[in-house]
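Here is the structure we will look at, set down as structure tokens.
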Amino acid sequence: MKKIATVLFLLLPNLFAFAAEQTNPGPAITLPEISVLGEALQKSAFDVAPSVSEISGTKLERKKKSTLGETLSSELGVTSSFFGPNASRPIIRGQDGERIRILNNGMGVLDASGASQDHGVSIDPLIIERVEIVRGPSALLYGSSAVGGVVNTVTNRISEKKIEGLNGKFDLQSTSVDDGKSGSLDLNYGVGSWVLHVDGTNKDLKDYKVPGFARTAETRQNVPLGPGEVEGNNSVPNSANKTESGALGASYVFDNGFAGASYSKYNSNYGTVAEQGVSIKMKQERADIAFGLKDLDWIRSIRLKNSYSDYEHKEMEGGQVGTTFTNRGNETRLELAHEKVGSWSGLFGLQSNVFKFAAIGDERFLPETDNKNIGAFVYEEAEYGSWKPSLGLRYENSTVKANETFLDVNPSNLGEASFGGPATSKNFEGLSASLGVIYSLAAQHSLALNVALTERAPNYQELFTNGAHLATAAYERGDLSLRNEKSHSAEISYRYKGQRAKGLFGIFVQDFKDYISLSPKAGGGFDPRGAPNNRDLSRYQYESVDAQFYGAEFEISKEFMSLVPQGKVELGLKVDVVKAKNKTTGDNLPRITPMRETLSAEYKTEKYALNAEVQNIHRQNDTAPNETGTNGYTLVNTGLEVPFDFGRLTLNFYGRINNVFDAEARSHVSFLKSLAPLPGRNFQVGLQGTF
């Protein structure tokens, strides 16, 4: 880690000097405004102290895969949990699950994806317009579950701007690795002050192909297949997926504001990969309303949003329902931005999140819980010459009530837990604060420092779990004595923003007290389904430990206008590394992303564009007790795009090859690394249109 940081630091001046060299004048690289940091502020990523990035347009379209996690898996500091091609959440700087807040248009997704790795995120990447990523703590604006970072997906289902007539886009594509067919349609129609919206997606993917056996040689030798299961060779059994989604929206836009609503539905039926006979039927209905006003004297703007979700998924085995998970809840957010008071301006607001989560069936390992979270926050920033300080504060009150609890079990016979215990309620209060500053070294160079103190309350799973979690082949047990998870973090970065180049180099550290870890324990349990599927389950316990995450990130991109005739070349380089320690025992924490380098290149003319990306992932030897290491691998992706302009209609034909050399790649952060590698070589062809 020290060697990597030293090398990058020594190379930094030369790299940025090279990027700053002026060639023929050309259009500046645009830096889009980031709304996730507070929609009323909408600052550029280079003008805020936290480490933020944004992906949209053509670059997002090239990266879209079947899940949100895989779509973002090559972004700086971000990887994917990869529980097969159907259920993958983003992991940021080694942290995942409930420590990463996933938002849809600034509001929580309100699904069950944080409760288990085999639960998919209820957002289809095909319909996303833009993704915003905050790396590191962002608990001030979006709650304690954002202690590791935020991913905000943006759609245009509720328009805040007037449009005239009809516009929209569509995307049709076919993929070879899974014999897949998918498509999306997005339409907007404006008349007067009204804007109407409709969108839909459809996806049909078969079992995906891999080079060689799906299971590792060691697993094939030591772990026998269950009755009726087959050894996956050149494909991964039970990885197919059928998904469809749709939405209707309408908004009324006036001179100093807007009001709108949308209704969306998401259905997915997919194999869990971990168990060949098990599939998940997921559905979600969601209703959103949004209202905004601006130019209200001292109150510069006000925004009110509300999201209601009715989520359910059924885990099916042999045509029968094993366990049903439901999550019905409502999230409300009020955000007000004010004009300057002296040199300071900013925003303040309130947020509530109320939901009922339940697991129903013989294989449930969680009780029904009522969850309530109320938060108040304030964020202020100023400018004093070359200095731009910022301050933030959030107070949060959380209540988790289990309407029934697991009866205690015999530790020697884990797997026979049952319900019927008394209702139990736990209440937590938390306070988070941040201090940031940006110092302008010159017109294009700046230093940014951000420090934060965050508190995260234990969630329903960490408190009340007690049973066999078959998706991860583990018997998991919560702990009612868990306290708030507290962290101190610091991040410093050097940033460059030029006319045709941009980049950053940063180092970060986050220290946790009472970090809630799902730790392996001696002994085990058994599969409660009994013979003939009886198998031993590893035993895991949620417990508090002291932990530390630290690492470094480097990114630079540069446009060259004169290297080739009648076109331009853009080159990019990303390097990220993260380490994580259990300070209580001195051991490594499990499933931490290994070091990665990503090199990208694009050659673009008016007639076509060629692009390529090489991502090198190192071997991971820094493993936790009872965790196996993972070999390194290199993925090469390439693509060709040919646009056609017909005036009102623009068509873009594209062809891409992912994993060009059909490399066997097993993600170290995946629970399925011994069962399912990443997809093999994939030929993708498609047609996009905008009008």
Side-chain angles (χ1 to χ4, degrees), residues 36 52-57 59-93 95-135 138 142 145-146 148-155 157 171 173 175 178 180 182 184 186 199 201-203 205 208 239 241 243-245 247 264 266-268 270 273 280 282 284 286 307 309 311 313 327 593 658 667 669-672 678-679:
V36 71
V52 182
S53 60
E54 182 266 0
I55 178 172
S56 61
K59 291 186 177 180
L60 176 59
E61 297 300 326
R62 291 174 189 162
K63 294 177 179 293
K64 284 183 177 179
K65 294 186 175 69
S66 58
T67 64
L68 181 63
E70 287 300 290
T71 297
L72 304 178
S73 61
S74 63
E75 294 304 295
L76 189 68
V78 184
T79 188
S80 167
S81 61
F82 193 71
F83 204 91
N86 308 317
S88 299
R89 282 175 59 100
I91 296 174
I92 300 178
R93 293 178 175 175
Q95 299 189 49
D96 62 355
E98 292 291 346
R99 294 184 182 88
I100 304 299
R101 186 91 154 106
I102 298 180
L103 308 174
N104 184 10
N105 295 316
M107 303 293 283
V109 290
L110 299 171
D111 57 20
S113 60
S116 178
Q117 287 76 13
D118 65 323
H119 298 177
V121 179
S122 57
I123 301 173
D124 194 326
L126 288 174
I127 209 65
I128 296 172
E129 297 284 329
R130 187 172 79 252
V131 182
E132 301 166 344
I133 304 167
V134 182
R135 299 185 295 275
S138 190
Y142 288 98
S145 60
V150 171
V151 173
N152 183 36
T153 61
V154 181
T155 68
R157 288 173 172 171
D171 189 351
Q173 64 177 251
T175 50
D178 49 18
S182 59
S184 64
D186 186 309
D199 69 61
T201 68
N202 189 280
K203 182 164 53 186
L205 313 178
Y208 74 95
S239 59
N241 180 3
T243 297
E244 57 186 18
S245 68
S264 60
Y266 180 91
N267 291 309
S268 186
Y270 62 89
V273 179
I280 287 180
M282 176 198 300
Q284 182 186 47
R286 177 176 171 130
S307 297
S309 170
Y311 172 92
H313 87 240
N327 188 3
T593 310
N658 294 321
S667 172
V669 302
S670 172
F671 273 96
L672 300 182
L678 300 179

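Hydrogens, waters and symmetry mates play no part in the numbers below; they use all other heavy atoms, side chains included. Just so it is clear, the model here is predicted, and its values are computed rather than measured.
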Quick check against the 3.5 Å criterion: does T153 have a side-chain atom that pairs as donor or acceptor with the backbone of I128?
no
Main chain of E244, side chain of N202: is a donor-acceptor contact present, judged purely on distance under 3.5 Å?
no
Return the CG to CD1 distance between L76 and I133, rounded to the nearest 0.5 Å.
9.0 Å
For L68 and I102, which heavy atoms make the closest approach, and how far apart are they?
CD2-CG2, 3.9 Å
Distance-only, no hydrogens or angles: does the K203 side chain make a donor-acceptor pair with backbone N or O of N241 under 3.5 Å?
no
Donor-acceptor pair between S81 and D96 side chains, under 3.5 angstrom
no
Give me the atom names and distance for the closest heavy-atom approach of P90 to V78.
CB-CG1, 4.2 Å
Assess whether side-chain contact (heavy atoms from CB on, under 4.5 Å) is satisfied between N86 and S268, documenting all intermediate values.
CA-CA 9 Å; N86 308 317; S268 186; over 6 Å; no
Testing the basics here: between G120 and S113, what is the closest heavy-atom pair and its distance to 0.1 Å?
O-CB, 3.5 Å
Distance, nearest 0.5 Å, that separates OG of S182 from CG of D124:
8.0 Å
Should K65 and P125 count as side-chain neighbours, where that means a heavy-atom distance under 4.5 Å?
no
Under a plain distance cut-off of 3.5 Å, with no hydrogens placed, do S145 and E98 share a side-chain donor-acceptor pair?
no
Going by heavy atoms in the side chains, are S245 and I127 under 4.5 Å from each other?
no
Identify, with sequence neighbours excluded, every residue that meets salt bridge (Lys or Arg N to Asp or Glu O under 4.0 Å) alongside K64.
E61
Quick one: do E129 and D186 satisfy side-chain contact (heavy atoms from CB on, under 4.5 Å)? Show the steps, please.
CA-CA 10 Å; E129 297 284 329; D186 186 309; 3.6 Å; yes
I'd like to check N658 versus T175 (side-chain heavy atoms, cut-off strictly below 4.5 Å). Are they in contact?
no
Rounded at 0.5 Å granularity, tell me how far OG in S670 sits from CZ in F83.
7.0 Å
Give me the atom names and distance for the closest heavy-atom approach of V121 to S88.
CG2-O, 4.3 Å
Does the side chain of V273 reach to within under 4.5 Å of the side chain of P85, using non-hydrogen atoms?
yes
Pairing donors with acceptors under 3.5 angstrom, does anything connect the side chains of S74 and K63?
yes
Can you tell me how far CD of E132 sits from CD1 of I55, rounded to the nearest 0.5 angstrom?
12.0 Å
Mark yes or no for whether H313, through its side chain, and I280, through its backbone, hold a donor-acceptor pair below 3.5 Å.
no
Check: N105/T155 side-chain N/O donor and acceptor closer than 3.5 Å:
yes
For residues L110 and Y311, determine if any side-chain heavy atom of one lies less than 4.5 Å from a side-chain heavy atom of the other.
no
Spacing of CD1 belonging to I91 relative to CZ belonging to F82, to within rounding of 0.5 Å
12.0 Å
Separation between CG (N267) and OG (S122), nearest 0.5 Å, reads 11.0 Å
Just wondering, do Y270 and T243 contact through their side chains at under 4.5 Å, heavy atoms?
no
Could you tell me whether a side-chain N or O of N152 sits under 3.5 Å from a main-chain N or O of G106, the two making a donor and an acceptor?
yes
For side-chain contact (heavy atoms from CB on, under 4.5 Å), just list the numbers for R157 and D199, CA-CA rounded to whole Å, side-chain angles, deciding distance to a tenth of an Å, and then say yes or no.
CA-CA 8 Å; R157 288 173 172 171; D199 69 61; 2.8 Å; yes
Nearest non-hydrogen partners of A87 and T67, listed with the distance:
N-CG2, 3.8 Å
Sub-4.5 Å side-chain heavy-atom contact between L103 and R101:
yes
A side-chain contact here means heavy atoms from C-beta on lying under 4.5 Å apart; do Y266 and I123 qualify?
no
Under 3.5 Å: donor-acceptor pair, side chain of R89, backbone of G97
yes
Compare every heavy atom of N327 with every heavy atom of D111, then report the nearest pair and how far apart it is.
O-ND2, 2.8 Å
